[in-house]
Amino acid sequence: MKVAVIGIGKMGMLHAGIMNGLQDVELCAISDNSKFLLGFAKSIKGIPGYDDYQKMLDKEKPDAAVLATPIFLHVPMATECVNRDIPFFLEKPLSLRSGEADALVQQVEQKNLTSMVGYMMRYVETFAKAKEIIDSGVLGKLITFNSSIYVAQLFKTGKGWRYSKAEAGGGVVMAQATHLIDLLKWYFGEVNSVSAHTKSFYSEEVEDFAHAHFEFSSGISGWLDSSWSVRHHRLLEVTININAENGNLSVSDDEVRFFLDKAAGDYPAGWTQFRIPELFKGVEIDLGGPQYTKQDVDFLNAVREGRTVGTDIKNAQYIQKLVDAIYDSAEQNGQPVRM
Amino acid sequence: MIDKILLGHNQFFGVNHLSAQGGNERAAYFSETGRIMDMIHFSYDLGVKAMMMSTHERALLISEELQKDAKLKNDYGVYLLVPYAAKYIRQANEKGLVNIVKDALAGTSLQDKLGMFWRGGVGLLRKDVSKLITAMVDFEVAPFAPLNLRAIFLHDVMTDLILGWDVPEVFAIYARHIEDKYGAIPAFCSKNMPRLVDALERVGIENPFIMASINKIGYQVNPSLEAFENCLRTKNVRLLAMSTLAAGFIKPQEAYDYLYSLPNVASTVVGVSKKNHAEETFGIINKHTEGANGKATKAGLTEAVGV
């Protein structure tokens with residue numbers, strides 16, 4: 001299987017390495033606007049490099065493409081892939097505003113093309129285990145939740161496209177909270193209404209802090225808190241706490257633990273805990289964490305089998321609609337926005 | 001010479017693979033460099049005369065203390081880990097990869113020479129690729145060069161990226177440079193040990209010194225515990241074992257009984273933040289390695305416990 005990667009930044013380099021390291025997959029070409037990077041890769045690996053990605057798609061005819069470029073380029077680049085019937089993996093988030101992707105989503109669905117957007121938290125063992133427990137119904141009716149996503153990243157004005165409103169569409173909500181929003185949607189389903197507040201302190205154009213309240217159609221409601229300017233979080237850390245009829249559940253990158261009033265399903269009354277060491281399963285090649293490999297393998301298998309995945313472009317557009325709602329609500333000082 | 005036990009450094013900088021919260025608490029405790037030096041001295045008196053050190057900003061403070069310390073400066077061994085990946089990941093978010101390379105090379109003779117490559121249009125010659133890689137290594141190692149560097153490990157983020165891209169020639173360039181310039185053992189940290197051993201074989205690096213996670217539940221062991229054990233049994237390799245306790249999931253006695261049932265374990269890195277924990281852990285390891293380690297460690301241990 002031949003894979004081409006567009007955008008050799010941090011994430012493009014990672015996906016290229018993982019996919020090239022998998023059996024029966026070959027990195028066939030790369031595209032970037034840095035001629036230096038292309039020259040370096042050519043010298044060291046002899047791999048064809050293109051500064052024009054459309055030319056690369058036409059000439060190399062890859063079986064799948066990875067798009068890891070700044071957000072404002074996602075929709076136009078993915079559209080070029082769809083025009084050529086090339087399945088694509090796109091780094092998250094999907095687009096600046098959700099409406100921008102309408103035609104693209106429609107086209108992908110019409111052509112029944114495999115697409116994936118990089119919401120990789122679903123492939124982290126603890127979050128996947130929590131999904132299994134929630135879906136099993138042992139917690140009973142879900143009532144409320146609170147959740148957070150924090151990292152100590154920005155304590156002065158940031159540089160680069162990630163902190164530009166025009167190129168990134170927003171700040172911490174777009175870059176990081178979308179991971180958590182995807183998990184919440186995966187766990188709880190569709191949303192009825194959103195209200196939110198955002199705050200900028202370090203950044204000039206985008207938000208550094210966000211707090212949003214969600215009412216889900218399934219009846220559960222709760223909030224998320226998000227910032228990239230919280231000290232003492234060396235790595236991106238996600239926590240979700242759920243209160244339910246028959247107990248409560250907490251999940252983070254480190255562990256999932258839950259308490260049941262009454263025994264249910266396979267689980268006893270009282271506490272049950274799963275920590276990451278016992279949930280860990282080795283992968284064929286590990287670059288930056290097994291979740292990335294599991295994600296990429298799922299994508300490539302879906303391409304081989306011509307099927308869709310849970311984190312497809314339609315799901316990603318729904319996340320984008322929730323992001324739009326967060327920004328719209330924040331602009332109206334927290335007025336609820338109905339979905 | 002490879003020390004049988006290395007003092008780990010993660011706990012000093014707030015890295016805790018089991019619990020982010022626990023990591024933050026320890027980082028707060030060790031935010032005074034004096035407390036880190038105290039733990040280094042305590043371990044030294046127990047016979048652990050070497051440590052792992054990343055090129056974290058705060059490691060510079062430890063490096064300075066080590067050079068000033070009358071007792072440690074001459075024979076305390078440092079196993080350096082380069083580059084400090086988290087810093088570059090942060091920088092990559094802000095300024096992009098190319099600018100990181102540019103900044104690292106600022107003020108070196110390569111800066112002008114590579115000018116035309118930044119602008120593009122010209123392919124890099126192989127010898128320039130080589131120079132670029134070694135210049136990046138020197139940029140990272142320079143502040144730590146005065147220490148007694150026993151080995152210099154390439155960080156797993158780099159090692160595994162090179163593995164994934166399948167360009168093992170970079171390993172050969174790195175290894176030659178570490179030997180020639182620093183007289184240290186060129187070494188590699190990886191999350192994919194069996195694959196790495198094969199790649200190193202392809203570029204003629206034999207009996208490599210590799211730091212990798214190994215524990216009986218297979219936490220952070222890729223592609224599988226079975227493949228990893230098989231690699232240790234069938235290949236010439238010197239393993240520096242890490243994550244032996246699977247982030248605190250396995251008790252030390254059980255963990256080291258398993259570890260030392262495996263062949264080719266050259267050393268183990270132990271991240272201790274409490275003195276009683278250090279004594280217990282070093283004691284268990286010494287029992288396993290006594291034959292190979294000689295009497296010095298045992299004597300040192302007895303003496304220190306006696307005090």
Side-chain angles (χ1 to χ4, degrees), chain A residues 8-11 13-22 27 33-47 51 152-154 158-163 175 228 231-235 237 239 252-255 275-290 293, chain B residues 13-15 17-21 23-24 27-28 86 89-90 92-98 101 114 117-126 128-129 132 156-157 160-167 169-170 191-192 195 215 217-225 227-228 243 246-250:
Chain A
I8 304 296
K10 178 183 65 153
M11 295 313 293
M13 208 175 264
L14 179 84
H15 291 298
I18 291 170
M19 292 189 186
N20 189 60
L22 295 172
L27 178 66
N33 61 5
S34 161
K35 289 192 176 170
F36 168 74
L37 271 175
L38 297 178
F40 188 78
K42 176 136 188 90
S43 306
I44 210 158
K45 190 171 169 58
I47 190 166
D51 53 2
Q153 175 178 316
L154 190 77
K159 292 182 203 119
W161 67 264
R162 282 180 175 78
Y163 307 101
W228 53 26
R231 287 181 183 80
H232 317 300
H233 292 272
R234 196 180 62 94
L235 304 171
E237 283 165 39
T239 309
S252 67
D253 306 83
D254 299 328
E255 64 169 15
R275 292 188 291 171
I276 199 88
E278 61 189 313
L279 295 173
F280 181 91
K281 286 210 174 57
V283 289
E284 196 178 334
I285 181 165
D286 181 347
L287 307 189
T293 308
Chain B
F13 306 133
V15 181
H17 293 294
L18 189 62
S19 144
Q21 188 58 38
N24 292 340
I89 291 170
R90 259 201 312 273
N93 280 341
E94 295 207 352
K95 59 186 180 187
L97 295 168
V98 173
V101 180
L114 290 174
F117 301 123
W118 307 129
R119 290 187 294 276
V122 189
L124 279 172
L125 297 173
R126 280 204 87 83
D128 294 321
V129 169
L132 188 66
D156 54 286
V157 166
D160 293 333
L161 201 56
I162 294 164
L163 271 182
W165 279 70
D166 194 28
V167 285
E169 295 76 13
V170 178
K191 289 198 168 81
N192 306 281
R195 182 187 288 254
N215 50 69
I217 61 167
Y219 177 47
Q220 290 185 334
V221 180
N222 292 299
S224 66
L225 190 58
F228 192 102
S243 303
F249 202 79
I250 308 172

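Worth saying up front: this structure is predicted, and the values here are computed from it rather than measured. The chains referred to below are lettered A, B, ... by the order of the sequence lines, with proteins before strands, and numbering in each begins at 1.
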Which atoms of B:Asn192 approach chain A - backbone, side chain, both or neither, heavy atom under 4.5 Å: side chain

Please report the shortest heavy-atom distance between B:Ala246 and A:Pro277, naming the atom on each side. O-CG, 3.6 Å

B:Asp160 and B:Lys191 ion-paired at < 4.0 Å: no

Student check: side-chain heavy atoms of B:Asn215 and B:Phe249 closer than 4.5 Å: no

So which heavy atom on A:His232 is nearest to which on A:Ala152, and how close? N-CB, 4.1 Å

Between B:Leu225, B:Leu161, B:Ile217, which residue shows the highest count of heavy-atom pairs closer than 4.5 Å to chain A? B:Leu161

Heavy-atom pairs under 4.5 Å with chain B: which of A:Ile285, A:Asn20, A:Leu38 has the most? A:Ile285

So what's closer than 4.5 Å to chain B heavy atoms on A:Ile44: side chain, backbone, both or neither? both

Let me know if B:Val221 has heavy atoms under 4.5 Å from chain A in its side chain, its backbone, both or neither. backbone

Taking all heavy atoms of A:Leu37 and all of A:Ser34, pick out the closest pair and write down the distance. N-OG, 3.1 Å

Which one, A:Leu22, A:Val283, A:Leu287, leads in non-hydrogen pairs under 4.5 Å with chain B? A:Val283

Chain B heavy atoms under 4.5 Å from A:Lys45: which part of the residue, side chain, backbone, both or neither? both

What closest approach, in Å, do A:Ala16 and B:Trp165 show between heavy atoms, and which atom pair accounts for it? CB-CZ2, 3.5 Å

